[in-house]
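Read through the structure below, which is laid out as structure tokens, and then see the notes.
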Amino acid sequence: MRENGTVTSATRQPETPASAVPPRLIATDLDGTLLRDDKSVSPRTVAALAAAEEAGIEVFFVTGRPARWMDVVSDHVHGHGLAICGNGAAVVDLHGGPGAHRFVKVRELARENAVDAVRLVREAAPGTVYAIEQTYGFYQEPAYPKLHMEIPDTLAPAEKLLASDAPGADEPVLKILAFHPELDPDAFLATARLALGDRANVTRSSPSALLEISGPGVSKASTLALCCAERGIAPEEVVAFGDMPNDVEMLTWAGRSYAMGNAHPAVLAAASGRTVDNNEDGVAVVIERMLAERRP
């Protein structure tokens with residue numbers, strides 16, 4: 001259904017925010033958080049996720065990745081099979097496996113908003129180039145760099161890619177990717193947010209000057225909140241993990257939240273606790289501690 005930098009050094013043990021409310025759901029980012037830098041899920045983390053599910057705590061992967069990049073964790077979605085992809089633009093059932101996923105909820109970026117975003121960001125930051133992420137297709141401008149290790153379906157100016165007669169025009173637009181070859185990533189983010197105002201939601205998860213532009217109000221936090229409301233789960237019953245600016249809203253919304261040891265400064269400011277970095281299995285460290293605290 002449709003609806004409309006600098007890192008810190010890891011501490012050896014997580015700083016645990018106080019909470020008297022038992023967790024019912026774990027929401028974790030993937031890249032730089034659950035996944036190690038080689039994009040693997042460590043055996044320790046696999047075991048921790050399974051133990052959480054066995055204890056009755058749901059695990060939701062909440063990522064900026066598109067659905068087609070979810071094969072790295074598709075074996076670990078357990079009973080519900082759901083993941084939040086595209087920074088909240090889609091809720092996806094991964095049970096079918098790679099290439100056979102089903103979109104349960106789509107929160108699209110209206111094409112008129114997308115066209116405005118392309119124009120306004122390019123005016124504010126000349127030299128910006130774009131790619132368009134849709135439910136199944138990926139399209140980009142000729143000058144957009146090969147950042148994603150995949151072959152785009154079509155090469156054309158963004159305005160043509162977003163036209164009503166463009167290839168894939170019948171598919172929802174999930175987000176626009178905006179890349180600048182020279183600007184500082186955080187400066188580019190601030191410039192784009194000022195230029196777009198409330199026309200779209202702008203964030204970033206890459207170490208480069210690559211922005212992710214979604215529909216107004218669409219974020220990891222807002223879609224996670226919808227999923228939790230459907231399950232009768234309150235924010236204080238959610239534990240969240242993240243490392244980059246696209247995680248900030250989710251970490252602020254959750255009752256307990258952890259910034260990874262490798263987190264962006266904005267994430268460190270938003271989270272209520274800290275754990276060790278992704279290569280040291282920081283998510284697993286916290287889950288193991290939470291489960292130990294639940295035992296008699």
Side-chain angles (χ1 to χ4, degrees), residues 5-11 28-35 37 62-65 86-89 109 113-114 116-131 133 140-141 143-148 158 174-222 240-254 257-275 277-279 282:
T6 301
V7 300
T8 63
S9 59
T11 54
T28 179
D29 173 52
L30 295 182
D31 297 282
T33 300
L34 188 81
L35 304 182
D37 287 348
V62 188
T63 178
R65 287 183 172 222
N87 290 328
L109 172 61
N113 288 54
D116 283 347
V118 165
R119 174 179 58 83
L120 291 169
V121 174
R122 190 131 53 193
E123 288 175 356
T128 300
V129 292
Y130 296 97
E133 186 75 66
Q140 69 178 62
E141 294 189 316
Y144 187 86
K146 294 181 179 179
L147 298 173
H148 309 292
L174 298 185
K175 65 180 179 179
I176 297 173
L177 298 164
F179 177 80
H180 200 284
E182 298 174 355
L183 291 178
D184 171 80
D186 286 327
F188 188 29
L189 177 59
T191 296
R193 284 177 169 171
L194 183 62
L196 294 183
D198 61 1
R199 293 180 180 87
N201 190 57
V202 189
T203 190
R204 75 177 189 88
S205 60
S206 169
S208 64
L210 177 65
L211 305 184
E212 300 162 70
I213 303 173
S214 305
V218 175
S219 68
K220 290 184 175 186
S222 62
F241 298 86
D243 73 305
M244 288 296 282
N246 65 329
D247 298 312
V248 165
E249 294 97 333
M250 177 175 74
L251 298 177
T252 303
W253 177 84
S257 58
Y258 292 86
M260 307 304 292
N262 48 290
H264 184 281
V267 174
L268 293 171
S272 55
R274 300 185 191 181
T275 186
D277 70 31
N278 61 313
N279 288 320

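Counting from 1, the numbers follow the sequence of the chain as shown.
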Audit row: Val248, Val267, side chain to side chain contact (heavy atoms under 4.5 Å, CB included) steps and yes/no: CA-CA 6 Å; Val248 165; Val267 174; 4.1 Å; yes

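- Under a 3.5 Å cut-off, the side chain of Asn279 and the backbone N or O of Asp37 do form a donor-acceptor pair.
- Below 30°, between 30° and 60°, or above 60°: for Phe179 and Tyr144 the angle between ring planes is above 60°, a perpendicular geometry.
- A 4.5 Å side-chain heavy-atom check between Asp247 and Phe241 finds every atom pair outside the cut-off.
- Between Thr203 and Pro245, the closest side-chain pair of non-hydrogen atoms falls below 4.5 Å.
- Judged by distance alone, the side chain of His180 and the main-chain N or O of Pro126 form a donor-acceptor pair under 3.5 Å.
- Looking at residues two or more places apart in sequence or on another chain, you find a side chain to side chain contact (heavy atoms under 4.5 Å, CB included) between Glu249 and Asn201, Ser219, Ala221.
- A donor-acceptor pair is defined here as one N or O able to donate and one able to accept, closer than 3.5 Å; no such pair exists between the side chain of Glu133 and the backbone of Leu174.
- Annotation: the span from Met260 atom CE to Asp277 atom CG amounts to 7.0 Å, rounded to 0.5 Å.
- Expressed to the nearest 0.5 Å, how far CG of Asp184 lies from OG1 of Thr191 amounts to 9.5 Å.
- Note: Leu251 CG to Lys220 NZ = 8.5 Å, rounded to the nearest 0.5 Å.
- Pairing each heavy atom of Ala271 with each of Ala259, the nearest pair is CB-N, 3.5 Å.
- Shown here for Ala143 and Val129, the closest heavy-atom pair between the two residues is CB-CG1, 3.7 Å.
- The two atoms that bring Val121 and Ala192 nearest to each other are CG2-CB, 4.2 Å, heavy atoms only.
- Atom CZ of residue Arg122 and atom OH of residue Tyr130 lie 5.0 Å apart, to the nearest 0.5 angstrom.
- For the pair Ser257 (side chain) and Ser272 (backbone), a donor-acceptor distance under 3.5 Å is present.
- At least one donor-acceptor pair under 3.5 Å links the side chain of Asn262 to the backbone N or O of Gly32.
- With Asn246 as the partner, the side-chain contact (heavy atoms from CB on, under 4.5 Å) test is satisfied by one option alone out of Ser205, Ser206, Ser214: Ser205.
- Taken from CG in Leu120 to OG1 in Thr128, the straight-line distance is 11.5 Å, to the nearest 0.5 Å.
- Between the NZ atom of Lys146 and the CD atom of Gln140 there is a distance of 9.0 Å, given to the nearest 0.5 Å.
- The main-chain N or O of Val202 is found under 3.5 Å from a side-chain atom of Arg193 such that the two form a donor-acceptor pair.
- Closest heavy-atom contact between Ile176 and Ala117: CD1-CB, 4.4 Å.
- The heavy-atom pair separating Asp243 from Asp31 by the smallest distance is OD1-O, 3.1 Å.
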Chi angles and distances behind the side chain to side chain contact (heavy atoms under 4.5 Å, CB included) call for Val218, Asn87: CA-CA 8 Å; Val218 175; Asn87 290 328; over 6 Å; no

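- Taking all atoms of both residues into account, the shortest heavy-atom contact from Pro185 to Pro207 is CG-O, 3.4 Å.
- Using a distance-only test at 3.5 Å, with no hydrogens or angles considered, no donor-acceptor pair links the side chain of Asn113 to the main chain of Leu109.
- For the pair Asp186/His264, a side-chain contact is recorded, criterion being any heavy-atom separation below 4.5 Å from C-beta on.
- Two residues are said to be in side-chain contact when any heavy atoms from C-beta on lie closer than 4.5 Å; Val62 and Asp29 fail this criterion.
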